[in-house]
Amino acid sequence: MNTSLYINRPQTVTIAASPFRQERKMPSNGTAAQVATEKKLYRIGEVSRLADLKPFVLRYWETEFPMLEPVKSSSGHRLYRQDDVDMVFRIKRLLYDEGFTIAGARRHLREHDGAPETETRSPNPAAEGAAQLLSRKMLLDLRDTLRAFLTLLERR
C-alpha cells in the first residue's frame with residue numbers, strides 16, 4: 001500500500017473560489033483565504049465534472065498512478081492542482097482513447113516522466129490534433145476493412 005497518499009505534506013495552497021460553486025460566507029472562526037503558492041485548486045467533484053468521470057474513478061487512479069497526487073486539505077478533502085487536472089486528462093486519454101491498460105499507461109507516463117509530450121510537437125497543435133484524429137480514424141477503418149476481408153477469406 002502506498003502510504004504517501006495519506007501523508008499530509010507541509011504545503012501551502014490557495015483555495016480559490018470555484019466557478020462551479022456559489023460563494024458561501026465563512027464562519028467568523030474560519031479563514032476565508034489561505035496562504036498560497038498555487039493559483040487554482042479544484043475539489044474532486046469539480047474534476048469529476050470537468051473530466052466526465054465518477055469520483056471513485058479518480059480516487060482509484062490515485063492508487064494506481066503515483067504521479068497523480070492531489071494535496072489534502074486539513075479536513076481531508078482532495079484538492080487538485082492544475083497539474084493534477086492535466087494528468088487526469090492524460091490518463092483518461094491513454095486509457096479510453098488510446099486503449100492502454102492501467103499498467104501500460106502507468107509505464108508510459110513513467111517513461112515520459114509524466115510530462116506532456118512536447119518534444120516533437122508541431123508549431124500548430126490544433127492541426128496536429130486534427131491530423132492525429134484523422135490518422136486514428138483511418139487506422140480504425142483499415143482495421144475494420146481487413147477484418148471484413150479476413151471473414152470473407154475464412155468462408156471460402
Side-chain angles (χ1 to χ4, degrees), residues 1-140:
M1 176 183 271
N2 186 356
T3 58
S4 65
L5 293 175
Y6 303 104
I7 297 173
N8 283 332
R9 292 190 177 88
Q11 295 181 353
T12 56
V13 293
T14 300
I15 300 178
S18 166
F20 300 106
R21 291 193 313 243
Q22 293 180 350
E23 194 69 29
R24 283 188 254 164
K25 294 199 182 231
M26 296 292 290
S28 59
N29 60 356
T31 58
Q34 297 178 356
V35 177
T37 58
E38 298 292 324
K39 294 180 182 175
K40 175 72 178 159
L41 295 171
Y42 303 88
R43 295 182 76 163
I44 193 167
E46 294 167 334
V47 177
S48 170
R49 283 188 292 279
L50 288 171
D52 194 27
L53 296 166
K54 299 283 185 187
F56 73 86
V57 172
L58 296 171
R59 288 190 295 271
Y60 175 69
W61 284 359
E62 286 178 38
T63 65
E64 294 295 324
F65 296 94
M67 60 284 299
L68 180 61
E69 199 170 24
V71 296
K72 300 269 179 105
S73 69
S74 59
S75 60
H77 293 143
R78 288 168 173 79
L79 299 173
Y80 289 80
R81 300 165 294 227
Q82 186 60 50
D83 290 342
D84 295 319
V85 175
D86 295 341
M87 182 59 65
V88 165
F89 280 101
R90 290 187 65 215
I91 293 169
K92 181 180 178 184
R93 180 181 51 83
L94 289 173
L95 295 177
Y96 296 168
D97 297 339
E98 297 187 24
F100 278 75
T101 62
I102 287 180
R106 184 185 318 114
R107 190 176 320 111
H108 178 80
L109 290 170
R110 193 177 301 127
E111 289 170 359
H112 294 88
D113 274 338
E117 298 149 14
T118 55
E119 309 88 42
T120 59
R121 293 273 177 178
S122 69
N124 187 351
E128 182 179 321
Q132 269 186 335
L133 187 61
L134 182 60
S135 296
R136 179 170 171 73
K137 183 176 179 351
M138 288 173 42
L139 287 172
L140 291 172

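Numbers here are sequence positions counted from 1.
Thr101 pairs by the side-chain contact (heavy atoms from CB on, under 4.5 Å) definition with Ala103, not counting sequence neighbours. When the side-chain hydrogen bond (donor to acceptor under 3.5 Å, both in side chains) test is applied to Asp86, the partners found at least two apart in sequence or on another chain are Gln82. For Tyr96, the side-chain contact (heavy atoms from CB on, under 4.5 Å) test picks out Leu53, Val57, Trp61, Lys92, with sequence neighbours left out.
The stretch residues 94-109 participates, sequence neighbours left out, in these salt bridge (Lys or Arg N to Asp or Glu O under 4.0 Å) pairs: Glu64-Arg106, Arg93-Glu98.
Taking CZ of Phe100 as the start and CD1 of Ile91 as the end, the distance is 12.5 Å to the nearest 0.5 Å. Put simply, CZ on Arg43 and CG on Leu79 are 7.0 Å apart, with the number rounded to the nearest 0.5 Å. Between atom CZ of residue Arg90 and atom NE2 of residue His108 there is a gap of 6.0 Å, rounded to the nearest 0.5 Å. Atom-to-atom distance recorded for Ile44:CD1 and Glu62:CD is 6.0 Å, nearest 0.5 angstrom.
Closest approach of Leu109 to Phe65, counting heavy atoms only: CD1-CD2, 4.0 Å.
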* **Working for side-chain contact (heavy atoms from CB on, under 4.5 Å), residues Lys72 and Arg78** => CA-CA 5 Å; Lys72 300 269 179 105; Arg78 288 168 173 79; 3.9 Å; yes
* Go through the steps to decide whether Tyr42 and Asp84 satisfy the test side-chain contact (heavy atoms from CB on, under 4.5 Å), and finish with yes or no. => CA-CA 9 Å; Tyr42 303 88; Asp84 295 319; over 6 Å; no
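Side-chain contact between Tyr60 and Ile102: present, with at least one pair of heavy atoms (C-beta onward) separated by less than 4.5 Å. For the pair Met87 and Glu69, the minimum side-chain heavy-atom distance is 4.5 Å or more.
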